[in-house]
Amino acid sequence: MANSRIIIVGGGLAGLMAAIKSAELGMAVDLFSIVPVKRSHSVCAQGGINAAKNTKGEGDSTFKHFDDTIYGGDFLANQPPVKAMCDAAPGIIDLLDRMGVMFNRTPEGLLDFRRFGGTLYNRTAFAGATTGQQLLYALDEQVRRFEADGKVTKYEGWEFLSAVLDGNRRCHGICAMDLRSMQLKTFAADAVIIATGGNGSIFGKSTNSVVCTGSAQSALYQQGAVYANGEFIQVHPTAIPGEDKLRLMSESARGEGGRVWTVRDGKPWYFLEEWYPKYGNLVPRDIATRAIHKVVYELGLGLDGKAAVYLDVSHIPVETLNRKLGGILEIYEKFVGVDPRKHPMKVFPGMHYTMGGLWIDYDQMTNLPGLFAAGEAEYQYHGANRLGANSLVSCIYGGMVAGRTAAAYSKNNAKSAEAVSSTVFEQELKRQQELNDALLKGQGGENPFHIWKEMGELMTEHCTVVRNNKGLRKADEQLVTLLERSRRMNLSDRSSWANQTLAFCRELTNMLQLARVIARGAEARNESRGAHYKPDFPDRDDANWMKTTKAVFAPDADEPVLSYEAVDASLIQPRPRKYDIAA
Amino acid sequence: MKTIEVQVKRQLTPDGESYWEEFSLPYRPNMNLIAVLQEIAAAPTTKQGKASTPITYESNCLEEVCGACTMLVNGRSRQACTALVDKLEQPIRVEPMSKFPVIRDLQVNRQRLFNDLKRVKAWIPIDGSYDLGPGPRMSQKTQEAAYPFSHCISCGNCLEVCPQYNDETGFVGAAVIGQVRLLNSHPTGKMNAHERLMALTGPGGVHECGYAQNCVKACPKEIPLTEAISQVGRDVVIESVLDFLRG
Ligand SMILES: Cc1cc2nc3c(=O)[nH]c(=O)nc-3n(C[C@H](O)[C@H](O)[C@H](O)COP(=O)(O)OP(=O)(O)OC[C@H]3O[C@@H](n4cnc5c(N)ncnc54)[C@H](O)[C@@H]3O)c2cc1C
């Protein structure tokens, strides 16, 4: 077993944690990432990371964290893994603290915790307003240490294209593209962990980073991996609209006392506080998002008639703001040119988080043996809606589990990669090379960037805050048209060195396929649950829909086929989710 | 019609010749340089009407925290995402960073920065990733003094503007020294301060700094880099003397 090799795709929090765990267990690790891992999307996380440490005498517990997460996720998550994550969370914070993360402190020198949405407890550890970056750097440093010891090999600037599967759909490695030489190569491994993050780019503009396309997940789905709960997309209530992307204004702004309002009858109207007296500005994201949507579109009370409301921290002392929210206020100031310490910020909801993802079992393994997944790329921990500051913990926890289970799998199960016929590698390489060749030769009239823009607008209109079946049907039909057009793309760059257009076109086709999973899943689910809201079916329907959506790709029909799996609700009895009444 | 005028220095391969291309786009308010590059990618025709190719550049978060989209904008090293067109003089001149090898167009290879982090052992050697209980306590004061250094986004602005950062000196530069300052102030990190400081004694170490103080002005996160260099510089001297006495 000395030579067991694990491939990890993705160097965000999930991928790096998986790398640390598997390297620690003696595996040789090959780590692939499009961007240098230190520049992964995880750096964007601002607000913090949850763990019920109960350091404020509030009587918090890991069970309450578990309960908040299940309730916040509207009873769609399988409960045992969520419980295990919440139980592990305090230990994860300790580990990060030991790695040197500069968490904010209390006067006694202990870790400080603040409040986030969907809970009544101070449960969120934070490092200024740059928590994600601090955590990513801490893990990056540990991985660099393993790299210096020769236990981890990094392939930065490589894009995963597909898994290498044998006739029994067992995974033996990957096919990847060097984004400089544009050469394709296959790599063998005893197990592969996918940690490629979310899919914001499907919506054109989102709060996600540029490389969050979901392309890897989609490629795997097209190879037979099950994709779960695709229709659950989190729209964050407070994003700053921009030309190139939507920038997040973190929930921590409200956690530190920020208030949302608009102007009604010439006066400030704090509609969240009025509608949800108990949670006020800290209701979960789907609820705040719908409230803003209603204020703007139904009541016509957007600021100056535009799609925007105020998020206001200007009543908080400047010193507190600078100490606790400095990083995010700087973002607003830098990109909008207005000082949020003095003037309320203008915000509007934006696509933010992918609750759905690759289907995995409780060991983080997909339905393809030997292929694991962790982080935002999988679906396990957030049900129908993710609570703020729960993602970082799920990424790290999922990475830990996957690192461990993939190592165990390698030891116990794998027919070592060398024993696998080399033809499966050759065939996969050939298939991928042909896709590249076809794109580079294509002489059709379609511009990939225009297709992307159309897809983004289509998805934002029909598959975000408010959904109805007519719109979803139309969206899927148009996605089919866009897919057809994407077969006639004409690349303005046909060169074979650092050709970003070629890489983008490959991602685009995958995004379109995954977009259909989102639209179809949403159309089929005739209820409202968490982030999925259909006015025609305004209630949660546990009898028919407390189930995980599983999408499988049908290659001949070139479309998703949906089936459903019961949710494991063995620990907490489902109850109605109501934040407007005192529970 | 109001336009945005951009000049981009291009280079198709690492050893290819560089050349300039001009683009002219219809003006829209509130654009950043990324939005401009995205627009060029969708319709890569030069101002002179010549069919060109999308410009290769690195980017990811677009929030000035991943450090990827660093380039020279009107001669200044900065992130393209926070380069707001409305605040830039036109024509906007865009070039790759000069201290790192060009891969293509505006994309450069900053691997050296990551290698130097390895060289100074920029990590805390934890016993393992198991649950070993809480970390050390830390006063608010220590945390607040250290936090700015943990804020570094590895963009390389400080290296681009440093006259000493070149192949001859092999100087690790301010970003890396800032990380040494950060790790050496951590209660556990301190235990290995010696190794990090000794790594900064040889060629390319902290003594290569020429006190031009450009780094601190170029840092997008306003990290007190010169302070780090002075302090680490002092610590290195003390550590070397002690090391000599210890024999
Ligand atoms: C603005 C913002 C703020 C947030 N704030 C918080 C917060 O305060 N608290 C919280 O808990 N969560 C927060 N989140 C969510 C959280 O940041 C993410 O869910 C999390 O960081 C995802 O981590 P990850 O490891 O799954 O993936 P990522 O960090 O997205 O990393 C993905 C990795 O995969 C690589 N990759 C992708 N595709 C490929 C491919 N085809 N081939 C090779 N490599 C590939 C990328 O290069 C990258 O290394 C926030 C999200 C956003 C957008």
For [X], which atoms come within 4.5 Å of any heavy atom of chain B: side chain, backbone, both, or neither?
X      : value
A:S492 : both
A:P448 : neither
A:E156 : side chain
A:A129 : backbone
A:R247 : both
A:N104 : both
A:S495 : side chain

Quick one: pull up [atom1] in [X] and [atom2] in [Y] and give me the separation to the nearest 0.5 Å.
X      : Y      : atom1 : atom2 : value
B:C155 : B:Q79  : SG    : CD    : 4.5 Å
B:R181 : B:L183 : CZ    : CG    : 10.5 Å
A:L248 : A:I328 : CG    : CD1   : 8.0 Å
B:S77  : B:M71  : OG    : CE    : 10.0 Å
A:D112 : B:Q140 : CG    : CD    : 7.5 Å

Between [X] and chain A, with a heavy-atom cut-off of 4.5 Å, which part of the residue counts as in contact: side chain, backbone, both or neither?
X      : answer
B:C81  : both
B:I55  : backbone
B:L117 : both
B:F149 : neither
B:P44  : side chain
B:S52  : backbone
B:A122 : backbone

task: Please list, chain by chain and in numerical order, all residues satisfying salt bridge (charged side-chain N to carboxylate O under 4.0 Å, His left out) with B:E95, sequence neighbours excluded.
output: none
So which residue, [options], ends up with the most heavy-atom pairs under 4.5 Å with chain B?
options                        : value
A:I20, A:T106, A:V35, A:T501   : A:T106
A:Y137, A:W497, A:F103         : A:W497
A:M102, A:R145, A:E147, A:K453 : A:R145
A:E330, A:R323, A:M400, A:E141 : A:E141

- prompt: What residue pairs, at least two apart or across chains, pass salt bridge (charged side-chain N to carboxylate O under 4.0 Å, His left out) with a residue in residues 43-69 of chain B?
  reply: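 Applying salt bridge (charged side-chain N to carboxylate O under 4.0 Å, His left out) to every pair that reaches into residues 43-69 of chain B, excluding sequence neighbours, yields A:K245-B:E63, A:K334-B:E64, B:E5-B:K47, B:E21-B:K50, B:E58-B:R110, B:E64-B:K221.
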query: Can the ring centroids of A:F126 and A:F113 be said to lie less than 6.0 angstrom from one another?
result: no
task: Please list, in residue-number order, every residue in residues 24-32 of chain B that has a heavy atom less than 4.5 Å from any heavy atom of chain A; write 'none' if there are none.
output: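 The stretch touches chain A at B:R28, B:P29, B:N30, B:M31, B:N32.
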- prompt: Under a 4.0 Å N-O cut-off, is there an ion pair linking A:K205 with A:D244?
  reply: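 Salt bridge between A:K205 and A:D244, a charged N being under 4.0 Å from a carboxylate O: no.
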- prompt: So which of B:I126, B:T13, B:D131, B:D127 has the largest heavy-atom pair count under 4.5 angstrom toward chain A?
  reply: B:I126
Let me check something: any side-chain donor-acceptor pairs from residues 206-213 of chain A under 3.5 Å, sequence neighbours excluded? List them with distances.
unit_1 : atom_1 : unit_2 : atom_2 : d
A:S206 : OG     : A:N208 : N      : 2.9
A:T207 : OG1    : A:M351 : O      : 3.4
A:T207 : OG1    : A:H352 : ND1    : 2.6
A:N208 : OD1    : A:G200 : N      : 3.0
A:N208 : ND2    : A:H352 : O      : 2.8
A:S209 : OG     : A:H41  : ND1    : 2.7
A:T213 : OG1    : A:S215 : N      : 3.1

